[in-house]
Amino acid sequence: MPKHTSLAMPPLLASGSRVALIAPAGPLSGEHDVTLAVEQARSLGWEPIVAEHALARRGYFAGSDAERLRDLNSAIRTDSVDGIWCLRGGYGAMRILDGIDFDALRRRPKALIGFSDITALHAAIVAKCGLVSYHGPTARSPLAEFSRRSLVDATIHGNDPCGVAAEARTLRGGRASGRLAGGNLALVAALCGTPYAFDLDGAIVVLEDINEPVYRIDRMLQQLLLTGALRRCAGVVLGVFNNMPDGGAEEGRTLDDVFAELAATLQVPCIVNAPVGHIDEQWTIPIGRVAELDADARALHVEPVSVV
């Protein structure tokens, strides 16, 4: 499919849509997480269906690999389920990728929403199903009005969920268009060389991360450059990289230095500090849809869904 053509869309969600609430990675803090998720789903007009193992815990996972996979595949295979909203990220989604029923998802496409570790699921859905997937808030996190509007625009109305990034900075100006790809940097890098890796050629690449020191962010970006994955992208949208243990600088080298190098190396339009990441006010990014980045205006615009 041409790089300037959006991937197939799952049906938009609507009032009364049945949405499965699953925990495919890290464990929840307690039942209050599920309670909030249910309330938020209902506030959007959706009918929430809590997965069987949503509150399970096994070490740093929300239950065993088999339990988490069972919940995901149950949501995929159940025809009456219209969408899947992940309760949290953490770690563990990539451990279940080989067992996902992609055939069932291709037969009955449905929206999947989440971010952070859920990037692994987005990448797999794009690679194996050619289907748009939503990098957006997790269900257990309180929805700020900014985040709610973007989520609704993306998953219910099919409108542009992004716009001008008021707090962003331009690292390299210019305009570029292409399919949206990416998400959490650690997962984008970790999936390199696997059947689930993002195809970043000609893409507008969106990246964010949390709890990583400068040198690790540098190393992950170098991995993407050395594998060639990032070399032919059309543009880069760097989100928020927060809770850095080194405060954003190490041995006199700052995160700004790393990002400035990246922009200079790639020679493509690039902005930083867009509202994407582990923050209260975040865009929902429809991975796989075509968007235009205007780095001088610090704006990202996603083409609206054509409703026939």
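The model shown is predicted, which means the values in this text are computed figures rather than measured ones. Keep in mind that the numbers below use all heavy atoms, side chains included, and drop hydrogens, waters and symmetry copies.
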Exercise for the section: Provide the full list of side chain to side chain donor-acceptor pair (under 3.5 Å) pairs with a residue in residues 270-281, sequence neighbours left out, each pair given once. Expected result: S116-H278, E208-H278
Practice task
Using a strict cut-off of less than 4.0 Å between a Lys/Arg side-chain nitrogen and an Asp/Glu carboxylate oxygen, indicate whether R253 and E261 qualify as a salt bridge.
Solution key: yes
Problem - Remaining members of hydrophobic cluster (4.5 Å side-chain criterion), V240 - result: I279
Problem - Nearest heavy atoms of V272 and G239, plus distance in Å - result: CG2-O, 4.4 Å
Practice task
Identify whether the distance between the nearest side-chain nitrogen and carboxylate oxygen of R108 and D82 falls below 4.0 Å.
Solution key: yes
Practice task
May I ask you to say whether D256 pairs ionically with R169, meaning some side-chain N is under 4.0 Å from a carboxylate O?
Solution key: yes
Exercise for the section: Run the ring-centre check on F61 versus Y91 and record whether the distance is less than 6.0 Å. Expected result: yes
Let me have the donor-acceptor pairs involving side chains of residues 50-60, under 3.5 Å, with sequence neighbours excluded, atom names and distances please.
unit_1 : atom_1 : unit_2 : atom_2 : d
H53    : ND1    : D71    : OD1    : 3.0
R57    : NH2    : L28    : O      : 3.0

Practice task
With rounding to the nearest 0.5 Å, note down the distance linking CD1 in I84 to CG in L105.
Solution key: 6.5 Å
Practice task
For R175, look at atom CZ and say whether over 12 heavy atoms of other residues, nucleotides or ligands are found less than 6.0 Å away.
Solution key: no
Problem - V19 vs V81 side-chain heavy atoms within contact, under 4.5 Å - result: no
Handout entry: CD/Q267: more than 12 non-hydrogen atoms of other groups inside 6.0 Å
Key = yes
Practice task
Write down the atom of P286, the atom of L180, and the distance for their closest heavy-atom approach.
Solution key: O-CD1, 3.6 Å
Exercise for the section: List in chain and number order the residues that pass salt bridge (Lys or Arg N to Asp or Glu O under 4.0 Å) with D33, two or more places apart in sequence or in another chain; answer none if no residue qualifies. Expected result: R140
Handout entry: pair V205-V237: side-chain heavy atoms closer than 4.5 Å
Key = no
Problem - Which atom of A123 lies closest to which atom of L191, heavy atoms considered - result: CB-CD1, 3.6 Å
Practice task
Would you give the length of the straight line joining atom CG of D209 to atom CG of L238, rounded to the nearest 0.5 angstrom?
Solution key: 11.5 Å
Practice task
Look at R231 together with D201 and state whether they make a salt bridge at an N to O cut-off of under 4.0 Å.
Solution key: no
Handout entry: F241: partners by ring-ring contact (aromatic ring centres under 6.0 Å, His included), with sequence neighbours left out
Key = F259
Exercise for the section: Quick one: which residue pairs count as a salt bridge (Lys or Arg N to Asp or Glu O under 4.0 Å) with a foot in residues 40-50, not counting sequence neighbours? Expected result: R18-E47
Practice task
Please answer whether the main-chain N or O of M244 pairs with a side-chain N or O of N211 as donor and acceptor at a distance below 3.5 Å.
Solution key: no
Handout entry: Path from L97 to I22 over hydrophobic side-chain contacts below 4.5 Å
Key = yes
